[in-house]
Q: 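Below is one structure. I have some questions about it.
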Amino acid sequence: MVPRDFSSLTFLECRSFFIPKRRIFMRSEELVVKALKDVLGDKLSAAELQQALEKPKSLALGDFAFPAFSLAKIFRKAPQQIAAEIAGQISQAHFEKVQAVGPYVNFFLNKSEFSQTILQTVLQQGQAYGNQDLGAAGNVPIDMSSPNIAKPISMGHLRSTVIGNSLAKLLRKANYRPIKINHLGDWGTQFGKLIEAYKLWGSEAEVKADPINKLLEYYVRFHKEDVAHPELDDEARAWFKKLEDGDEEAMRLWKWFRSESLKSFMKIYKKLGVEFDSFNGEAFYNDKMDEIVTILEEKQLLQESRGAQIVDLEKYDLNPALIRKTDGATLYITRDLAAALYRKRTYNFVQSLYVVGNEQTNHFKQLKAVLKEMGEPWADEIHHIPFGLITQGGKKLSTRAGRVILLEEVLDDAVELARQQIEAKNPNLENKEQVAEEVGVGAVIFHDLKNERMNNFDFNLEEVVRFEGETGPYVQYSHARAMSILRKAAAAGDKVALAGTYSLNDPDSWEVLSEIAAFPAMVKRAVNEYEPSVIAKYALHLAKAFNKYYAHTKVLQDDVQLGARLALVKSVATVLKESLNLLGVHAPDRM
RNA sequence: GCGCUUGUAGCUCAGCAGGAUAGAGCGACCGCCUCCUAAGCGGUAGGUCAUCGGUUCGAUUCCGAUCAAGCGCACCA
């Protein structure tokens with residue numbers, strides 16, 4: 001992580017940053033608290049004052065507000081009167097103005113001073129602006145995406161992939177070391193079925209031509225035919241048994257199916273711009289489960305119940321965890337226990353994340369509970385990051401019911417639409433194809449990340465690939481416009497100087513400036529809440545403020561503030577690009 | 001039945017540890033390209049913040065109950 005130069009921190013940035021002991025920063029908030037303290041004396045402590053401060057709804061009301069309600073009892077006066085008295089007595093030294101409005105004392109920061117500091121900081125730090133040290137370089141494995149072999153990646157997998165990817169970027173910015181793990185669904189009785197189906201109806205040539213679809217076809221056909229021919233199930237079980245025993249043919253087919261599937265997954269991951277550090281899926285833990293069972297036995301946690309081996313979790317108010325089935329086979333949670341232990345040993349993580357749909361909440365509660373029973377203190381560092389369901393027509397997506405939305409098709413549709421937009425709006429654009437990819441895919445990713453994780457959403461193609469309003473392309477467009485202005489300036493010989501006078505004080509630029517200043521706090525919040533939507537919403541706000549700004553202010557005008565305006569535009573471009581980057585969305589320079 | 005999640009404008013959603021007249025986008029209606037890309041900007045219309053109680057000087061925000069929706073509830077993952 002970039003070494004941090006604390007002398008360049010801004011007022012607002014310090015709100016969310018750890019503060020070195022020997023230096024005292026006059027944060028803007030501290031200035032407000034100090035000014036209030038000077039008037040109020042011991043009536044309220046500095047901490048209480050800071051706590052009471054709020055951000056007015058509109059910048060027209062100031063940058064900070066102090067509500068006087070809490071003082072009404074102490075002084076036995078109306079809050080309005082108290083606010084007026086405070087405003088009358090307070091030192092205006094560091095502020096543009098301090099005024100009472102009703103029961104509030106509103107503080108307006110010194111705009112020139114503030115813009116100077118904030119713009120200088122962003123220009124100096126560039127993409128590193130907003131970096132912070134929350135993680136002390138600790139490892140954080142992220143279990144994400146995790147599609148099933150021999151099935152296509154659907155919209156359902158998009159969420160886990162894209163949320164996990166964004167969290168990885170956010171964690172890295174906060175000085176954690178994310179490790180992206182694709183916990184592939186590459187084991188289980190379905191592979192017995194698949195092999196049997198392939199042996200009966202499949203051919204090598206067919207699979208090579210279109211692996212996923214053919215494999216899926218075999219699998220679906222198997223399920224149709226085994227209704228009339230239950231003996232197929234016995235064959236499938238036998239094949240899976242062979243697989244478990246390491247039978248050569250079974251292993252060869254399994255490996256082949258797996259690698260073909262992976263190849264087609266990689267095409268999609270490449271489109272999405274997502275890379276993984278590990279593809280260790282369920283099969284990988286196959287030989288690591290005996291140990292878990294042994295440990296559970298040694299700790300006398302295992303009980304027999306209805307012929308199965310379970311860990312009782314009644315004291316956690318949870319259903320028992322099924323470790324071994326009646327036939328001795330292990331289950332989902334057994335594998336996840338093995339995986340958790342493996343990850344702890346391999347990465348010695350400070351946190352371990354699982355980006356998995358909210359319908360699996362109970363499973364992860366059980367997982368943590370069993371680890372706790374095992375006496376593993378790091379059980380508390382395991383976090384399930386749940387997210388809402390994507391439905392279609394209000395119903396859960398289901399391969400069997402025919403409600404599948406193939407991610408690849410959605411991405412292709414989005415890119416095609418972006419291509420058409422470019423032809424219509426900017427036909428002379430260079431590298432159109434690349435921009436179409438970035439915009440189309442960006443729209444899909446952004447749409448998924450802009451709302452709170454837990455919200456369900458009903459799939460609607462027009463909505464997902466929309467380019468107007470609160471969308472990824474809107475943010476990308478704002479960034480492209482900023483870059484365009486900078487290019488024109490550079491062509492005229494006006495470069496953004498790293499050290500200059502960046503004094504701006506008009507209302508439109510002030511809105512942009514306070515958004516820029518809020519970025520580090522947003523990063524922190526997004527990390528703490530594991531919530532990429534914080535960044536997406538932030539990017540929309542900044543883009544909106546900037547669009548308004550340049551619609552009303554001519555940037556390229558030769559006057560004393562030209563340098564300051566260019567610094568503002570450059571800072572906006574930097575922060576917008578970094579915001580999109582944190583979401584896993586590209587920011588083309590032109591579009 | 002029990003548990004988890006959700007319930008804010010016609011639609012999709014914001015509303016950051018309770019506070020100033022509840023905000024966006026889409027859709028509707030009306031404006032703005034001799035001026036840095038109109039994927040943009042501005043304006044109008046539209047809400048008993050599911051319901052009922054409680055805590056509080058103050059509740060969309062916290063607590064409880066009710067109603068509605070989604071998802072789970074041991075030998076699938």
Side-chain angles (χ1 to χ4, degrees), chain A residues 51-52 54-58 61 65 67 69-70 72-73 79 101-104 106 146 148 185 187-190 282 305-310 317-333 335-336 356-363 365-366 386 388-389 391 394-396 418 421-422 424-426 428-429 439 443 447 450-452 454-458 460 462-463 466-478 480-482 484-489 518 521-522 525 529 533-534 537 540-541 543-544 547-557 569 590-591:
Chain A
Q51 168 111 2
E54 31 183 287
K55 199 179 165 190
K57 296 202 164 177
S58 155
L61 289 166
F69 301 103
S70 56
K73 271 184 194 161
V101 177
Y104 292 88
N106 292 337
S146 311
N148 291 320
W187 203 249
T189 46
Q190 73 264 29
E282 293 174 354
S305 168
R306 298 182 219 169
Q309 299 283 308
I310 64 153
D317 230 7
L318 292 168
N319 285 328
L322 267 170
I323 303 297
R324 267 192 203 281
K325 301 202 274 190
T326 317
D327 65 4
T330 54
L331 284 123
Y332 188 44
I333 195 160
R335 261 190 290 278
D336 263 345
V356 180
N358 112 61
E359 66 272 18
Q360 292 197 33
T361 298
N362 278 325
H363 170 254
K365 281 186 183 166
Q366 289 182 318
L389 221 56
T391 56
K395 287 179 179 168
K396 194 175 175 178
Q421 289 282 310
I422 291 168
K425 298 181 193 251
N426 198 356
N428 296 322
L429 184 69
V439 171
H447 174 265
K450 87 173 168 188
N451 291 135
E452 230 173 285
M454 285 303 288
N455 291 357
N456 293 348
F457 75 83
D458 200 61
N460 175 323
E462 292 93 78
E463 185 86 13
R466 171 162 281 149
F467 298 158
E468 287 157 13
E470 296 177 324
T471 65
Y474 174 82
V475 179
Q476 291 174 316
Y477 176 77
S478 310
R481 290 297 303 271
S484 168
I485 293 173
L486 294 172
R487 275 194 303 275
K488 290 222 157 140
M522 293 298 135
R525 208 181 121 204
E529 297 175 13
S533 69
V534 170
K537 273 176 262 192
L540 286 169
H541 285 141
K544 196 167 169 44
N547 274 309
K548 187 175 166 192
Y549 172 74
Y550 75 72
H552 299 295
T553 308
K554 175 91 179 155
V555 175
L556 298 174
Q557 220 173 175
V569 173
R590 304 167 204 254
M591 63 186 274

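Below, read A as the first sequence line, B as the second, and so on, with proteins coming before strands; counting in each chain starts at 1.
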Q: Whole Å only: how far is the CD atom of A/Q366 from the C1' atom of B/G72?
A: 11 Å
Q: Is there a side-chain contact between A/S484 and the phosphate of B/U37, meaning an N or O under 4.0 Å from OP1 or OP2?
A: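 For B/U37, OP1/OP2 do have a side-chain N/O of A/S484 under 4.0 Å.
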Q: Assign A/N456 to base, sugar-phosphate, or nothing according to its heavy-atom contacts below 4.0 angstrom with the strands shown.
A: sugar-phosphate
Q: Between B/C26 atom C1' and A/H447 atom NE2, what is the distance in whole Å?
A: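 In whole Å, B/C26 C1' lies 11 Å from A/H447 NE2.
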Q: Mind checking if A/L331 touches a base, just sugar-phosphate, or nothing, with heavy atoms under 4.0 Å?
A: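 It contacts sugar-phosphate atoms only.
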Q: On the side chain of A/N547, is there an atom forming a donor-acceptor pair with the base of B/A39 - under 3.5 Å, no angle test?
A: no
Q: Tell which nucleotide pairs with B/U60, taking only Watson-Crick or G-U wobble pairs whose two distances are both under 3.5 angstrom.
A: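 Base-paired to nothing in any strand shown.
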Q: Provide, to the nearest angstrom, the distance between the CG atom belonging to A/D458 and the C1' atom belonging to B/C71.
A: 15 Å
Q: Counting only distance, no hydrogens or angles, is the base of B/C75 paired donor-acceptor with the side chain of A/T326 under 3.5 Å?
A: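 Such a pair exists between side chain and base.
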Q: Grab the OH-C1' distance between A/Y549 and B/C35 for me, whole Å please.
A: 16 Å
Q: If you count heavy atoms of other groups shown closer than 6.0 angstrom to CG of A/D327, is the number above 12?
A: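 Enclosed.
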Q: Tell me: CZ of A/F457 to P of B/C71, nearest whole Å?
A: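 It works out to 16 Å between those atoms.
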Q: Could you check which nucleotide pairs with B/A24 in any of the strands shown, counting Watson-Crick or G-U wobble with both distances under 3.5 Å?
A: B/U12
Q: Has the side chain of A/E282 got a donor or acceptor atom sitting under 3.5 Å from an opposite partner on the base of B/A77?
A: no
Q: Atom CZ of A/R590 to atom P of B/A39: distance rounded to whole Å?
A: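 For the pair A/R590 CZ and B/A39 P, the rounded distance is 17 Å.
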Q: I'd like to know whether A/N547 forms a side-chain hydrogen bond (donor to acceptor under 3.5 Å, both in side chains) with A/Y477, so could you lay out the CA-CA distance, the side-chain angles of the two residues, the decisive distance to 0.1 Å, and finally the verdict.
A: CA-CA 10 Å; A/N547 274 309; A/Y477 176 77; over 6 Å; no
Q: Give me the distance, rounded to whole Å, that separates B/G42 from B/A24 when you measure between the P atoms they each carry.
A: 10 Å
Q: A/M591 has an atom CE; how far is it from atom P of B/G40, in whole Å?
A: 9 Å
Q: Just checking, any donor-acceptor pair under 3.5 angstrom between side chains of A/S533 and A/N451?
A: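 Looking only at side-chain atoms, A/N451 and A/S533 do not form any donor-acceptor pair under 3.5 Å.
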Q: Side-chain N or O of A/K544 less than 4.0 angstrom from OP1 or OP2 on B/G25?
A: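 Yes, such a contact exists.
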Q: Taking the minimum atom-to-atom distance to the side chain of A/A65, which one of B/G72, B/G40, B/A20 wins?
A: B/A20
Q: Pairing check on B/C32: which nucleotide meets the Watson-Crick or G-U wobble criteria with it, both distances under 3.5 Å?
A: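 B/C32 is paired with B/G40.
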Q: Measure from CG on A/L318 to P on B/G3 and round the result to the nearest Å.
A: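 Distance, rounded to whole Å: 13 Å.
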Q: Counting the atoms with a prime plus P, OP1 and OP2 as sugar-phosphate, which does A/R525 contact under 4.0 Å by heavy atoms, base, sugar-phosphate, or nothing?
A: sugar-phosphate
Q: Of the nucleotides B/U37, B/G72, B/C13, which has the atom closest to the A/K396 side chain?
A: B/G72
